[in-house]
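Accompanying notes for the structure given below.
Order of the sequence lines sets the chain letters (A, B, ...), proteins ahead of strands, with each chain counted from 1. All heavy atoms count here, side chains included; hydrogens, waters and symmetry mates do not.
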Amino acid sequence: MNDGRDTWRRFMRARADMLTDCGDWRRGMAESLRALSEWEADGRVHGHPGHWALLRRTARGLLARLDALPEQPTPAQRLELFEAGYRFTRIGQRLFP
Amino acid sequence: MTLCFFDPTEGTLSSGLTRQLETLDGWLREHQLAFMERRWREGILLYEKVYELRRYHLDFMESELLPRFEDRYPKPPHGARPGYFLREKKLIIKTMRPYAYLFGRLYLREAMAELSLPRLFDEYMYLKDLLDHHDAREKGFLFRLLDEALSRETVGTLLLNYARGVEQREARWL
């Protein structure tokens, strides 16, 4: 069963790589955020429906910020996006323990 | 080099000390950017300066500003009780101190690569919230109300003393 943990781990890895501009973090973030923004948890996955809705909404917001970045974001822009993702990581860690 | 970012001969506590704190916030960000680019030595130095100057600022608040505030406002407005400022001072120092030691230890062992930047920067989110919260309390109550209650001469003397204290600390980074 795909319970979203792989997607979540992919997002966390890409977010970490973004800090040091390592590898194709942009693609990793975009694909994982897109998947998480549409994630539908089935009955076997724990978590309150409101938390899942918040996760999807926050993922969409982050995706929009990621799309708005220039092709070669500055370190300051990468740091800003990293920090903008902090709240998202708190939500995700509750849903993907 | 000067680590005092306002002109102590003019202005108010609100304008001078707010400018000082905002510059330190900018340096904390510069420290993060330096670490992202593995400019470890520069990043550590920036953190040390922010830590020392924050400590200095908090000591000054406790020894110079709060006693005058308590004297002028024996019944402070809600949210401006001196105990709140002191509690936050302890929390800020307790949160910042371990990093200063950690960075120094790792650098001496040539082991900065062991540092997990994502974890560190996520931890900083708490620190930044704490600093924002405390600074807002200082700007909203302490600086503003002292500017209103104290004479221009007293405010000028306080700013001058603050700047002299900063000067004394500059020597360690020369």
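- Looking at E37(B), the atoms closer than 4.5 Å to chain A (heavy atoms on both sides) all sit in the side chain, from C-beta outward.
- Heavy atoms from other residues, nucleotides or ligands lying under 6.0 Å from CZ of R87(A) number 12 at most.
- When the shell of 6.0 Å around CZ of R60(A) is examined, it contains more than 12 heavy atoms from other residues, nucleotides or ligands.
- For CZ of R19(B), the number of neighbouring non-hydrogen atoms (other residues, nucleotides, ligands) closer than 6.0 Å is 12 at most.
- Between R29(B) and E83(A) there is a salt bridge, since at least one side-chain N of the basic residue sits less than 4.0 Å from a carboxylate O of the acidic one.
- Hydrophobic clustering (side-chain heavy atoms under 4.5 Å, transitive across Ile, Leu, Val, Met, Phe, Trp, Tyr) groups M112(B) together with F121(B).
- K128(B) contributes atom NZ, which lies 12.0 Å from atom OH of Y86(A) (distance to the nearest 0.5 angstrom).
- When all heavy atoms of M36(B) and L19(A) are compared, the closest pair comes out as CE-O, 3.2 Å.
- Hydrophobic clustering keeps L53(B) apart from L160(B) (ILVMFWY residues linked when any side-chain heavy atoms are closer than 4.5 Å, directly or through intermediates).
- Y126(B) and I93(B) fall within a single hydrophobic cluster, where Ile, Leu, Val, Met, Phe, Trp and Tyr side chains are chained together by heavy-atom contacts under 4.5 Å.
- Interface remark: R38(B) contributes side-chain atoms only to the contact with chain A (heavy atom separation under 4.5 Å).
- With contacts defined as side-chain heavy-atom distances shorter than 4.5 Å, the pair D122(B)/R15(A) qualifies.
- Note that CZ of F35(B) and OG1 of T20(A) are 14.0 Å apart. Values are rounded to the nearest 0.5 Å.
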